[in-house]
Amino acid sequence: MGEVELVDMLHKAEVSADLEKLFGCELHTDTPGGNAWVDPGSATRSICGCEFKNIRFRVFQNAGEVNLRARLVLQSGETLNSLPLVDREWRRFLSDFIHRPSESGVSPAPEGFLNRSIWAKLMRAPYRFARIGLARGKQMEGKCWLMLDSLFPQPNAGWL
Amino acid sequence: MSPSENQDESRALELSRQCVASKLPFHALPGDDDDLVEKGLLDSMGWVDVLIGVESATDIRDFGNIWPEGRPKSIRALADTIREARRRVPEEKPGEGPAARTLGGSEVSIGGWGYALGSVTVSADQIESECALPPNKLRDGAGIRTLQIATDSEDELTLGQRAAEAALEMAEIPSEKIDFLVATSTTFLNLPSFAASLHSRLLLRETSGALDVGGACVGLIYSLAVAKGLLRVAPQEVALVVASEVHSRRLNAPHVPGEFRGLFGDAACAFVLTSAADGGGHAARLGDFVWGCSATFASSLGARMAENAGLTVQFKGEQLAHAAVTQMDRILEILEDKSGRPRTEVDYFAFHQPNPRVVEILAEKAKIPLERIPLLSATGGNLGSATCGVSLCQALTDHRTRPNPSQPPLIFMAAVGPGLIWGGAFLN
């Protein structure tokens with residue numbers, strides 16, 4: 001199945017245009033600009049698709065470890081901040097970018113690369129679709145954090 | 001360590017403890033020197049959440065990214081990093097930033113600009129037919145050859161976003177560096193307001209402001225004035241100014257006269273403003289602004305929402321055109337006084353353009369050559385608050401092709417809107 005067909009199919013599954021209907025319950029945040037969470041007992045589902053109108057990436061690096069986060073604007077104009085992007089293809093793409101040999105010896109910063117060149121490709125794409133999932137709540141914490149499970153279009157090596 | 005350094009350290013430690021505690025609500029607060037990741041209290045995602053929490057609480061951009069290799073992920077290390085970041089960027093009080101020190105905080109310049117027109121080109125013939133106007137009324141009477149109209153998928157936000165992104169790209173400033181957005185739109189009637197909606201759409205920082213300014217066709221000039229005023233208070237900040245109008249949807253109502261509706265196109269424009277900290281490298285500096293409101297001709301244009309949400313327009317075209325030309329000529333006189341430069345020295349006139357015929361009459365009355373007016377209304381229509389701005393964008397872009405583009409051009413801006421509200425500015 002090609003990506004277009006896959007996204008078509010995902011549109012027929014659980015989708016929402018706004019935050020409230022994503023998981024059928026209220027979303028909470030602890031800090032402005034931070035990721036959102038839901039009460040484990042109140043969510044009516046654990047994954048939901050949504051179209052997005054804009055996206056920005058943030059790349060956190062420390063000691064060889066890379067964390068990719070994203071901000072999304074939904075159809076409703078509401079935003080989701082600091083979503084951990086756990087999509088395997090996107091993580092592999094970022095890793096390939098960071099580790100590819102550079103002719104000049106100086107690699108461009110990954111965040112700038114994602115927010116310029118890759119962002120432009122996403123904005124020109126005929127569809128922009130994300131699947132947001134809920135992480136399993138940690139014992140005692142009582143919070144299920146949101147994650148960006150899949151981001152379409154998927155990146156490809158030609159974008160590097 | 002001095003008493004004030006001691007105080008800084010204890011404040012930074014307390015803030016770090018609070019940020020860590022918010023991620024560990026069911027744990028006793030770990031020791032200040034405990035490595036939170038090594039001890040298994042946080043995973044790497046949780047650690048990033050702590051960094052974002054500190055960033056949000058301190059407004060230190062990109063806090064802790066990249067985290068230095070070998071530095072423990074502890075409360076004390078967070079506090080040290082806060083203090084280091086604050087030492088790197090000393091807090092500037094209003095009026096004491098770098099620009100203020102060199103230029104008295106009064107200089108604000110345009111660092112980038114962009115515009116977006118509705119994607120559909122509609123001929124005057126087609127509009128005349130749709131608006132039940134006599135043949136050639138628009139083409140011969142108003143001088144309009146085509147209009148640029150939004151597609152079904154375009155609205156004030158999509159056009160505003162395109163214009164803003166072009167301006168940010170030119171200024172080489174990422175959207176997260178914008179400290180406040182000043183936005184204007186007459187046709188966007190929703191809540192959340194245009195500024196708030198565009199702020200979301202552009203994914204500006206949550207700590208950047210969003211302010212709506214009215215003024216209809218003068219809205220862009222008023223927005224630039226407001227942004228300049230805000231930058232004088234906080235000269236280290238960066239402002240984004242956006243005007244966006246989609247008339248075609250709003251005026252497509254049964255009670256709107258065809259000769260009014262047929263004049264308007266859809267567009268947006270955007271400008272990135274910064275304090276001018278040095279003598280060069282900017283496209284143009286914002287000079288003085290002038291404004292007023294001449295109620296004598298207020299009845300020549302009015303619009304109101306009816307109870308059924310339909311739009312009713314009162315439009316006395318000839319009276320309005322005469323009032324507009326007279327007022328814009330007066331604005332030019334005031335700008336000559338304010339800038340100390342005669343209109344013969346002006347490189348470009350970025351006017352509001354109700355229609356091309358009015359612009360021609362104004363050029364003749366004001367004795368200014370038409371080629372110094374970027375004439376967009378003949379092909380785009382009256383773009384409301386975006387008219388002045390798109391015209392200014394075209395002037396600034398054209399200036400880049402001139403022999404000495406590093407010498408900023410002298411530009412006069414002038415606009416009138418319902419009321420009759422009026423405004424002007426000069427740039428040099």
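Residue numbers begin at 1 in each chain, while the letters A, B, ... track the order of the sequences.
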J.: Side chain from CB out, backbone as N, CA, C, O: work out which of these in B:Leu51 comes under 4.5 Å of a heavy atom of chain A, or both, or neither.
T.: side chain
J.: Can you tell me which portion of A:Glu78 sits under 4.5 Å from chain B's heavy atoms? Options are side chain, backbone, both or neither.
T.: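 Interface part for A:Glu78: neither.
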J.: For each of B:Glu165, B:His199, B:Lys23, B:Glu169, tally heavy-atom pairs with chain A at distances under 4.5 Å, and name the one with the top tally.
T.: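 Option with the top pair count is B:Glu165.
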J.: Using heavy-atom distances under 4.5 Å, tell me whether A:Leu72 contacts chain B through its side chain, its backbone, both, or neither.
T.: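 Interface part for A:Leu72: backbone (N, CA, C, O).
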J.: Side chains of A:Ser46 and A:Phe23: closer than 4.5 Å at any heavy-atom pair?
T.: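 No, every pair of side-chain atoms sits at 4.5 Å or beyond.
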J.: B:Arg205 versus chain A, heavy atoms under 4.5 Å apart: side chain, backbone, both or neither?
T.: backbone
J.: Is atom CD of A:Gln154 surrounded by more than 12 heavy atoms (other residues, nucleotides or ligands) closer than 6.0 Å?
T.: yes
J.: Salt-bridged, B:Arg86 to B:Asp8, with N to O below 4.0 Å?
T.: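 Not counted as a salt bridge, because no side-chain N and carboxylate O are separated by less than 4.0 Å.
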J.: A:Cys50 pairs by side-chain contact (heavy atoms from CB on, under 4.5 Å) with which of A:Leu19, A:Val15, A:Ile132, A:Leu80?
T.: A:Ile132
J.: So which part of A:Val86 gets closer than 4.5 Å to some heavy atom of chain B, the side chain, the backbone, both or neither?
T.: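 For A:Val86, side-chain heavy atoms alone lie under 4.5 Å from chain B.
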J.: Kindly say whether B:Val213 contributes a backbone atom to a donor-acceptor pair with the side chain of B:Thr184 at under 3.5 angstrom?
T.: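 Yes, B:Thr184 side chain to B:Val213 backbone: donor-acceptor pair under 3.5 Å.
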J.: For B:Glu245 and B:Thr186, indicate whether the former's side chain and the latter's backbone hold a donor-acceptor pair under 3.5 Å.
T.: yes
J.: Do you know which of A:Val59, A:Asn54, A:Val73 has the most heavy-atom pairs under 4.5 Å to chain B?
T.: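 The candidate making the most pairs under 4.5 Å is A:Asn54.
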J.: Assess whether salt bridge (charged side-chain N to carboxylate O under 4.0 Å, His left out) is satisfied between A:Glu89 and A:Arg92, documenting all intermediate values.
T.: CA-CA 5 Å; A:Glu89 292 303 315; A:Arg92 184 184 299 158; 3.5 Å; yes
J.: Are B:Trp67 and B:Thr81 linked by a side-chain donor-acceptor pair shorter than 3.5 Å?
T.: no
J.: Would you please go through residues 43-50 of chain B and name the residues with a non-hydrogen atom below 4.5 Å from one of chain A, in numerical order?
T.: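 Those residues of residues 43-50 of chain B which have a heavy atom under 4.5 Å from chain A are B:Asp43, B:Ser44, B:Met45, B:Trp47, B:Val48, B:Asp49.
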J.: How about residues 174-182 of chain B versus chain A: which residues have heavy atoms under 4.5 Å apart?
T.: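 Contacts with chain A: B:Ser175, B:Glu176.
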J.: If you count heavy atoms of other groups shown closer than 6.0 angstrom to CZ of A:Arg116, is the number above 12?
T.: no
J.: Shortest non-hydrogen contact from B:Val390 to B:Ala268?
T.: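 Here B:Val390 and B:Ala268 meet closest at CG2-O, 4.0 Å.
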J.: Of all of B:Gln161, B:Arg71, B:Arg201, which one pairs up most often with chain A through heavy atoms under 4.5 Å apart?
T.: B:Arg201
J.: By the definition side chain to side chain donor-acceptor pair (under 3.5 Å), identify the one residue from B:His247, B:Arg250, B:Glu156, B:Arg249 that meets it with B:Thr187.
T.: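 Exactly one option meets the side chain to side chain donor-acceptor pair (under 3.5 Å) with B:Thr187, and it is B:Glu156.
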J.: Taking everything shown except A:Glu3 itself, do over 12 heavy atoms lie less than 6.0 Å from its CD?
T.: yes
J.: Go through the atoms of A:Trp37 and report whether side chain, backbone, both or neither lie under 4.5 Å from a heavy atom of chain B.
T.: neither
J.: Counting only N and O atoms by type, is there a donor-acceptor contact under 3.5 Å from the side chain of A:Asn67 to the main-chain atoms of A:Pro84?
T.: no
J.: Looking at B:Arg17 and B:Glu14, is any side-chain nitrogen of the basic one under 4.0 Å from a carboxylate oxygen of the acidic one?
T.: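 Salt bridge present between B:Glu14 and B:Arg17.
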